[in-house]
Amino acid sequence: MNEIAKQALESALTKALGPDSVFWNKDLNGNSFGWVRLADNDGLARAAAALAGVSARLMVITAYRVDKYANYPGREIAYHFDLDGTVVTVTASLPTDEDTIPSITRWFQNADWHEREFMELYDIKVTGHPNPVRLFLDANVEQGALDRLVPLSTMMNGACTKTLWEKVYAGTEMPDWAKGAQ
Amino acid sequence: MSGTYTLPIGPLHVALEEPMYFDIKVKGETVESLGLSAGHVHRGMESLAMQRNYLQNVVLTERVCSLCSNSHPSTYCMAVENLAGIMVPERAQYLRVIADEVKRIASHLFNVGIMAHLVGFDSLFMHAMEVREIMQDVKEGVYGNRMNLGACTIGGVRYDIDAEMNAFIRGKLEELKPHLEEIYGIYTTDPLILKRTTGVGVLPEADARRYGVVGPVARASGIAYDVRKKTPYCTYKELNFDVQWDTKGDVHSRALVRLREAVDSVSLIEQCLEQMPEGPIELERFVEIPEGEAVARSEAPRGELFYYLRSDGSDTPHRLKWRVPTYMNWEALQTMMTGCQVADIPLIVNSIDPCISCTER
C-alpha cells in the first residue's frame with residue numbers, strides 16, 4: 001500500500017471538503033480504498049480541483065438509481081480516482097430527477113466519455129460539458145435507457161398482441177407501453 | 001480549395017474486425033484530425049448484470065471480451081469478495097494468476113502478430129499466430145476451451161492442476177520460450193518493422209497522463225503503472241517480475257512492451273507452478289453478499305480493468321459497473337494520429353490493442 005499517496009489524497013480532500021470527509025477501508029491484500037460522500041454537489045468541483053492538484057487520475061464514473069427499480073426518484077454518481085495505486089470514490093447525490101451535476105472535464109479531460117455515457121443511460125443533466133452528444137446510443141433511443149424496462153418484444157420490434165398483455169396485467173393497471181401493442 | 005478532405009472509415013470496413021466509425025480529416029496523405037463515433041455493438045451488458053444473480057454474473061462477465069475474458073470474471077469475483085470479506089484459498093489465487101497470465105501471452109502475441117500483418121510482413125504474422133497456438137493448446141488442454149476458460153468462481157476457481165497437467169504446461173512453456181526470444185529479436189532488428197513502426201503514433205507522457213491511458217499504451221509512454229505491482233492482488237506480491245515500460249511512446253515501443261510482458265508471463269506461470277501450495281480451491285459453502293459497495297482492479301492484457309459493485313443485500317447487484325482498458329485509450333488516438341500518414345492509421349489503431357465490444361459492453 002502506498003501510504004504517501006493515501007496521505008496526499010486525504011490532505012487534498014480535507015482541505016477541499018473539511019475534516020473527516022474521507023472514510024478509509026482496506027481489502028484483504030492491504031490495498032486502501034477511500035470513500036467520500038459529498039454533502040452538496042458544489043463540493044464536486046472543489047473535490048475535483050483538489051484531486052487534480054495532487055495529480056490523481058480519473059478512472060471511471062458510475063451512475064446509478066438510488067432505488068434499483070426506480071420506485072422513487074434519486075440518482076447517485078460515484079467518481080473513482082486513483083493516485084499511485086490508492087483509490088478514492090467520491091459520491092454525489094441527485095435527490096430529484098431535475099437535479100443537475102457539473103462537468104469535471106475542466107480538471108479531468110477524460111471525464112468526457114464517462115459523463116456522456118451516464119447522460120444517455122440515466123438521463124442525468126450535466127452542466128458545462130464541452131461536447132454533450134450521444135456516446136454509444138443512437139439519437140432515436142430515448143435518454144435514460146437503464147432507467148426503464150424495455151420489453152424484449154418492443155426492443156426487437158417483434159409482433160405482439162394487446163391480448164397477451166391484457167392477460168399478463170389482468171386485475172392491475174396496464175402500463176402505457178403495453179396499451180400501444182397491436 | 002483547402003486541400004483538406006474527410007476520409008470516412010467504418011463503421012463496417014474490411015480493415016476493422018469490429019465496428020467503429022472514424023471520421024478522419026486528411027490533407028494530402030497527412031492526417032489532420034480524428035473524430036470517433038461508437039455505439040455499433042452496444043449490448044446493454046451492465047443492465048443484464050443487474051438482473052442476474054451473483055453467480056450468473058461470473059458467466060456473463062466472461063463474455064464481455066474474448067481476449068481479456070478471464071480478467072473480467074476474476075476482477076468481478078474480487079469485487080464481490082472485497083465486499084463480502086471472502087478470503088480466497090491460496091491455491092486458488094495461484095490458479096487465477098496462471099489463468100490470467102496464459103491469457104496475457106495469447107493476447108499479446110495476437111496483437112503483435114496483427115501488427116506484422118499491417119506492415120505487410122505476413123510471414124511473421126503467420127509465425128506469431130502459429131506460436132500463439134502453443135498457448136491456445138494450453139488453454140484447450142487445461143480449461144477445455146480456446147478462449148473462455150470458465151476458470152473463476154466467487155471465492156475460488158473451477159479448475160485444478162495435477163502433476164500430469166503441471167508437466168504438460170511446463171513442456172508447452174519450454175516450447176514457447178525460444179519462439180518468444182526469436183520474435184522479440186525480429187521486432188527489435190528487422191528493418192521493415194523498424195521503418196514502419198518507429199516514431200509512428202507517438203503519445204508523449206504528458207498526453208498519456210491527460211487522457212488517463214492505461215496498460216501497455218501508458219507504459220510505453222513512460223508511465224510505469226502496472227496494477228499487479230501498484231495494488232497487488234491474488235499472489236502477485238509473492239512473485240518476481242518487473243514492470244515493463246519505455247519512454248518512446250510509439251507503435252514500436254508498445255509492441256516491445258507487450259512482447260517483454262509475454263516473456264515475464266512465462267516466468268510468472270512457472271513460479272506459480274513451483275510455489276503453489278496444496279489445499280482447497282474454492283469455498284466450502286457460498287456466503288451471503290452484504291449490503292455495501294466495493295471496488296476491484298486488475299491488470300488485464302490491455303491494461304487496468306476496473307469493477308465497481310454496489311449491493312442492496314439481495315441476490316442481484318444493485319449496480320455493477322466495469323471499465324475496460326480500451327475505454328481509456330480511444331481518445332489518445334487523436335494525439336497519436338495527428339500528423340501521421342494515412343497508411344499508418346491501421347497500425348496506430350492496432351497499437352492501442354482496441355476492443356470495441358468491451359468498450360461498449
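Within every chain, numbering begins at 1; the chains are lettered A, B, ... in the order of the sequence lines, protein sequences first and strands thereafter.
Using a 4.5 Å cut-off between heavy atoms, A:Ala63 contacts chain B through its backbone alone, with no side-chain atom that close. B:Arg209 does not touch chain A: none of its heavy atoms, backbone or side chain, sits under 4.5 Å away. Of the atoms belonging to B:Ala294, it is backbone heavy atoms, and not side-chain ones, that fall under 4.5 Å from chain A. Both the backbone and the side chain of A:His114 come within contact range of chain B, judged by heavy atoms closer than 4.5 Å. For B:Tyr211, the parts sitting under 4.5 Å from any heavy atom of chain A are the backbone and the side chain alike. With a 4.5 angstrom heavy-atom cutoff, B:Val88 does not touch chain A via any of its atoms. For a residue to count as touching a neighbouring chain, one of its non-hydrogen atoms must lie under 4.5 Å from one of that chain's; by this rule B:Phe306 touches chain A with the side chain only. Using a 4.5 Å cut-off between heavy atoms, A:Asp112 touches chain B through its side chain atoms alone. Residue contact with chain B, scored on non-hydrogen atoms closer than 4.5 Å, involves the side chain of A:Phe33 exclusively.
Interface remark: of the candidates B:Val295, B:Leu83, B:Thr359, B:Val295 forms the most heavy-atom pairs closer than 4.5 Å to chain A. The candidate from B:Met328, B:Arg297, B:Met87 with the greatest count of non-hydrogen atom pairs under 4.5 Å with chain A is B:Arg297. Ranked by heavy-atom pairs under 4.5 Å with chain B, the first of A:Asp82, A:Leu28, A:Asn25 is A:Asp82.
Between A:Arg65 and A:Asp67 there is no salt bridge, since no side-chain nitrogen of the basic residue lies less than 4.0 Å from a carboxylate oxygen of the acidic one. Between B:Lys229 and B:Asp226, none of the side-chain N atoms (NZ, or NE/NH1/NH2) sits under 4.0 Å from a carboxylate O, so this pair counts as no salt bridge. Salt bridge annotation for B:Glu299-B:Arg219: present, with a cationic side-chain nitrogen under 4.0 angstrom from a carboxylate oxygen. Comment: A:Lys125 does not engage A:Glu98 in a salt bridge, judged by the lack of any side-chain N to carboxylate O separation of less than 4.0 angstrom. A salt bridge is defined here as a Lys NZ or Arg NE, NH1 or NH2 lying under 4.0 Å from an Asp or Glu carboxylate O, and A:Asp97 with A:Arg75 meets this definition. With respect to the salt-bridge test (charged N to carboxylate O, under 4.0 angstrom), the residues B:Glu101 and B:Arg228 qualify.
Taking the six-membered ring for Trp, A:Phe108 and A:Tyr79 have ring centres at least 6.0 Å apart.
Side-chain polar atoms of B:Tyr327 and B:Asn329 form no donor-acceptor pair below 3.5 angstrom. Between the side chains of A:His80 and A:Thr62, a donor-acceptor pair is found at a separation under 3.5 Å. Remark: the A:Glu115 side chain and the A:Ser103 side chain contain an N/O donor-acceptor pair separated by less than 3.5 Å. Side-chain contact annotation: B:Tyr233 with A:Asp27, donor-acceptor N/O pair under 3.5 Å absent. Using a 3.5 Å distance cut-off with no hydrogens or angles, the side chains of B:Thr6 and B:Lys25 do pair a donor with an acceptor.
Counting heavy atoms from C-beta on, the side chains of A:Tyr64 and A:Ile77 never come closer than 4.5 Å.
Within residues 48-59 of chain A, the residues having any heavy atom less than 4.5 Å from a heavy atom of chain B are, in residue-number order, A:Arg57, A:Leu58, A:Met59. Scanning residues 310-322 of chain B against chain A with a 4.5 Å non-hydrogen threshold yields B:Arg310, B:Asp312, B:Thr316, B:Pro317, B:His318, B:Arg319, B:Lys321, sorted by number.
With a 6.0 Å radius and a threshold of 12 heavy atoms from other residues, nucleotides or ligands, A:Asp40 has its CG atom above the threshold.
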Walk me through whether B:Arg96 and B:Glu81 qualify under salt bridge (charged side-chain N to carboxylate O under 4.0 Å, His left out). CA-CA 14 Å; B:Arg96 282 187 184 178; B:Glu81 290 151 6; 2.7 Å; yes

